[in-house]
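One structure is given here, and the rest of the page talks about it.
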Amino acid sequence: MPHMTNIPYSRQRIDAVDIKAVGRVLATDWITQGPKIDEFERAIARFCGARYAVAVANGTAALHLAALAAGLKKGDEAITTPITFLATSNAVLYAGATPVFADIDYDTVNIDPDCVKKLVTRKTKAVLPVDFAGLPADMPAIRKIADRHGLVVIEDASHALGGEYRHGKVGSCRYADMTVFSFHPVKHITTGEGGCITTNSKTYYDQLRALRTHGVVKTADALQKHGGWYYEMQALGFNYRITDFQCALGLSQLKKLPGFIAARRKIARRYDAAFATMGNWLKIPAQAIHGEKHVYHLYLLRLARQTAKCSRRLLYEYLKSQGVSSQVHYIPIYRQPYYRKLFSGRKIHCPNADRYYSEALSLPIYPGLSSAGVDKVIHWVGRFLKTGAGECAAKSRTCHE
Ligand SMILES: *Cc1c(COP(=O)(O)O)cnc(C)c1O
């Protein structure tokens, strides 16, 4: 039976004010490289508490440029987490360097600093932690390791715009050298496609701006000396520019970010309360125990106990049959055929990542998800455990006895 109201796992929230803001820019002479880009960059930098922001075409481009600005090149290694979107480690490959996967903390799903420490070699040049699902990684610990070994820290905060560490905001670059965000429609705010890098370093800022547009630099001195048309290509850059009308959307969305985050956190609290009472089959997401602010880009439910009749796969399919979409974030990157080939079959030992992957299911969470929608998700998860395809309840009783 088709469902009238399918619930996606995520979706953007665009309103008439957003549409008007984009329309205003489309009616001007500047639809790309106009004043809205600078305005958006200043707004992001101010929001995060960073000195600079550079807006680019997407989050992947932001990671690529950050990797290049960090100086990653052939022969270098960069340590990152296997539980992230492909783009994090692909950016290391784009720069010609080799990604090295450190295991995650089983509870927080964030990169484990102790594992990072053990993987540092003379070749290590950077570390790329991810604020997974919206919970900030253990950045003070990562910074300490980076300082000891002279590593550049590129924080992939695609999930965590608006998040906070115990001290300071994600994106403030209090711990990272560069922080990357994505504005893809499933992320906290959207520009359609889009991304940015925040930094407090003028050197990185200048490099990122040049690399975004073909590595071309124009200086007042050179223009004076050679003429107004003059430009110099000083590095091999790209066209990774974002457009002015996208930045108008970003500016309009940024104003709503606090409300978006409050809505996500409210949904997470309702899920937590409901699932915590459903027995030992379920594991709710780690709470931010050190006073961090979790912004719940994803709500990660885990089936900590599974049987042939009560599995993550069956829950996924059962929810789908009831009109509720869920997702798995993510398959450990080293399991991807491309990466397997790259490591020519060498075994990557990340038991926590593998275990997490076998249990995880991301449930719907987004600002426009109604209270009735949340009820529906909770209802069907409960039904699955009790009477659904899983028949978990009978088993659960025997387990408790
Ligand atoms: C979304 C995402 C990216 C890539 O962003 P795009 O804007 O889609 O290129 C990178 N890393 C993580 C963790 C992401 O979630």
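Just so you know, ligand 1 is whichever comes first in the structure, and atom 1 is the first atom listed for that ligand.
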(request) Would you check if N110 and P129 make a side-chain contact, meaning some heavy-atom pair closer than 4.5 Å? (result) no

(message) Using a 6.0 Å distance limit plus a 45 degree cone around the ring axis, check whether K187 lies over the aromatic ring of F181.
(response) no

(request) Scan side-chain atoms only and decide if S89 and Y339 contain a donor-acceptor pair under the 3.5 Å cut-off. (result) yes

(request) Hey, could you give me each pair passing salt bridge (charged side-chain N to carboxylate O under 4.0 Å, His left out) that has a residue in residues 333-353? Not counting sequence neighbours. (result) R335-D354

(request) Select all protein residues for which some heavy-atom-to-ligand 1 distance is less than 4.0 Å, and list them by chain and number. (result) N58, G59, T60, L63, T84, F85, A87, T88, D156, S158, H159, S182, K187, G194, Y330

(request) Kindly indicate whether the side chain of H184, heavy atoms from C-beta on, has any atom under 4.5 Å from the side chain of N58. (result) no

(request) With the side chain counted from C-beta on, respond yes when P332 and I83 share a heavy-atom pair under 4.5 Å apart, and no when they do not. (result) yes

